[in-house]
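Taking it in order: structure first as structure tokens, then the write-up.
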There are 2 protein chains.
Amino acid sequence: MASDQYPLDSATDYPVADIAAAWQRERPGTPVSSIGIVTPLWRLAKLFGDDRRRVLSRAGVDAATLDLLSVLRRAGEPYALTTRELTARTMITAGAISQRVARAEREGLVTRSPGSASRTTSGGESRRRSVVVELTKAGHELVESTVDQVLTREADLLTGLTAEQQNQLADLLRVLLQDVQRRLNDHRLTQVGEPE
Amino acid sequence: MASDQYPLDSATDYPVADIAAAWQRERPGTPVSSIGIVTPLWRLAKLFGDDRRRVLSRAGVDAATLDLLSVLRRAGEPYALTTRELTARTMITAGAISQRVARAEREGLVTRSPGSASRTTSGGESRRRSVVVELTKAGHELVESTVDQVLTREADLLTGLTAEQQNQLADLLRVLLQDVQRRLNDHRLTQVGEPE
DNA sequence: AGTGTTATGTTTAGGTCTAAATTTAGGTCT
DNA sequence: AGACCTAAATTTAGACCTAAACATAACACT
């Protein structure tokens, strides 16, 4: 049976509201105000992530690799970016990019080549050492054959909200994301712990 | 320098809107409607998760362990639950729970003991074999000393939204979460791929 | 009681990530 | 040119997770 393994229905019986209530009961005064947002945010991210992984496993790819390929594909011709640019667009560390690229290269989905001979590109940005990652034919095809499937699936999962609700939600998330990013760039943990 | 490593400012320069636009440009017809919700959802979950991890690393705990301890703490006296109950409340697989508990036990934060002699508990639920995980004094103290810190920090990160916006967002997320959970329980991938 | 079934837990293999250490190439300065 | 500097990329160690295989205790039924 499958339901032994999958926590698909997990936490269904433990609504987010109960968590805040439990803290209040156990530790009156606990600042629970964030729970109503942060917890469902995590749960939804997990559900969407797990679902995407399962959809992609049929195509023989993992979500991390497809993410890499998608960034390259979206960049448009010639479907090539430096490692540095990949890091900037991907929310993961440079080390993780290295590993992603190494895996994808091993599978023939991308190629890696020493970046252009520098010599200050047209602009003025002195690209030091750089590695250019480029989509191969196989990589390109893999994106083409899976992206619509993934995005269609995810759109389906959102149909529980009306179009208007979806717009509202998207707006709120956009605003919050921007603000949180700004905050984290400013005081990066500066005042959280002890005065030093 | 630290900013080499941390992708804290990551994707700041690549707004979510650009992703959908890029797909439209590269592959007209791609169903991009979900991107405005799913992508910021993931980014926010990652930002909050990374931030929590950093806050907790000062206290010498990892987020996964604190999550386990918190569930036990919130359950109230006697701060003990079976592995099965933990799995139900935690959104991760039974195997992962085993590992979390093993780690926490190794650090003296919880104890594990063979469950009660079954004998159909008061209700009618015939608890088969079960393992009871219980918070130790050290585990209890660790929760007490970190929870407020974590929750306060997260509430701070949300202050970019007005109280009303926060309520709206929480409502939408609650509705969506419930609906997505229901959908995943029904057709678990049933009609996604090829007809078989 | 004996046998099969099944709920429950644990282990293992493989994959991914972060943070920190390390390597390497391009630029700089004298 | 030679020594230094430093950005960029990679490697490594450790943590965590899933999926699947495995182990085992309780139950049910004859």
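Just so you know, these numbers use all the heavy atoms, side chains as well, and skip hydrogens, waters and symmetry mates. Chain A is the first sequence line, chain B the second, and so forth, proteins listed ahead of strands; every chain is numbered from 1.
Across every strand in view, D:dA19 sits in a pair with C:dT12 that passes the Watson-Crick or G-U test at under 3.5 angstrom. Across all strands shown, D:dT30 pairs with C:dA1; the Watson-Crick or G-U wobble distances both stay below 3.5 Å.
A close approach under 4.0 Å does occur between a side-chain nitrogen or oxygen of B:R54 and OP1 or OP2 of C:dA19. For D:dC16, the OP1/OP2 oxygens have no side-chain nitrogen or oxygen of A:K46 closer than 4.0 Å. Applying the 4.0 Å criterion to OP1 and OP2 of D:dA19, one finds that A:R53 has a side-chain N or O inside that range. For D:dC17, the OP1/OP2 oxygens have no side-chain nitrogen or oxygen of B:T93 closer than 4.0 Å.
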Side-chain donor/acceptor pairs under 3.5 Å, residues 169-179 of chain B, sequence neighbours excluded:
residue: B:D171; atom: OD1; partner: B:R174; partner atom: NH2; Å: 3.2
residue: B:D179; atom: OD1; partner: B:R182; partner atom: NH2; Å: 2.9
residue: B:D179; atom: OD2; partner: B:R183; partner atom: NE; Å: 2.6
residue: B:D179; atom: OD2; partner: B:R183; partner atom: NH2; Å: 3.4

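To the nearest angstrom, C1' of D:dT10 lies 12 Å from CD of A:E105. Distance B:Q99 CD to C:dT12 P: 11 Å, rounded to the nearest Å. Put simply, CG on A:D51 is 11 Å from P on D:dA19, counting in whole angstrom units. A straight line from CZ of A:R52 to C1' of C:dG15 spans 17 Å, rounded to a whole angstrom. Residue A:R84 contributes atom CZ, which lies 5 Å from atom P of D:dA8 at whole-angstrom precision. Per the geometry, CG belonging to B:D62 stands 8 Å off P belonging to D:dC17, to the nearest Å. One atom, CZ of B:R103, and another, P of C:dT10, lie 13 Å apart when rounded to the nearest Å. Counting to the nearest Å, the P atom of C:dT16 and the CD1 atom of A:I97 are 13 Å from each other.
Contacts of B:T83 with the nucleic acid, taken as non-hydrogen atoms under 4.0 Å apart, involve only primed sugar atoms and P, OP1 or OP2. Contact annotation for B:A64: backbone-only contact, meaning every heavy-atom pair under 4.0 Å involves sugar-phosphate atoms and none involves a base.
Without hydrogens or angle criteria, B:Q165 side chain to B:T162 main chain gives a donor-acceptor distance under 3.5 Å. No donor-acceptor pair closer than 3.5 Å links the side chain of A:E134 to the backbone N or O of A:T111. Side-chain atoms of B:T82 never come within 3.5 Å of backbone atoms of B:S130 as a donor-acceptor pair (strictly under, hydrogens ignored).
Residues A:R153 and A:D156 are not paired through a salt bridge, judged by the lack of any N-O separation under 4.0 Å between the basic side chain and the carboxylate. Salt bridge status for B:R74 with A:D18: absent, with no side-chain N to carboxylate O gap under 4.0 Å.
Within residues 65-75 of chain B, no residue approaches DNA chain D, by heavy-atom distance under 4.0 Å.
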- Test B:T83 against B:V101 for side chain to side chain contact (heavy atoms under 4.5 Å, CB included), laying out the working first. CA-CA 9 Å; B:T83 299; B:V101 171; 5.5 Å; no
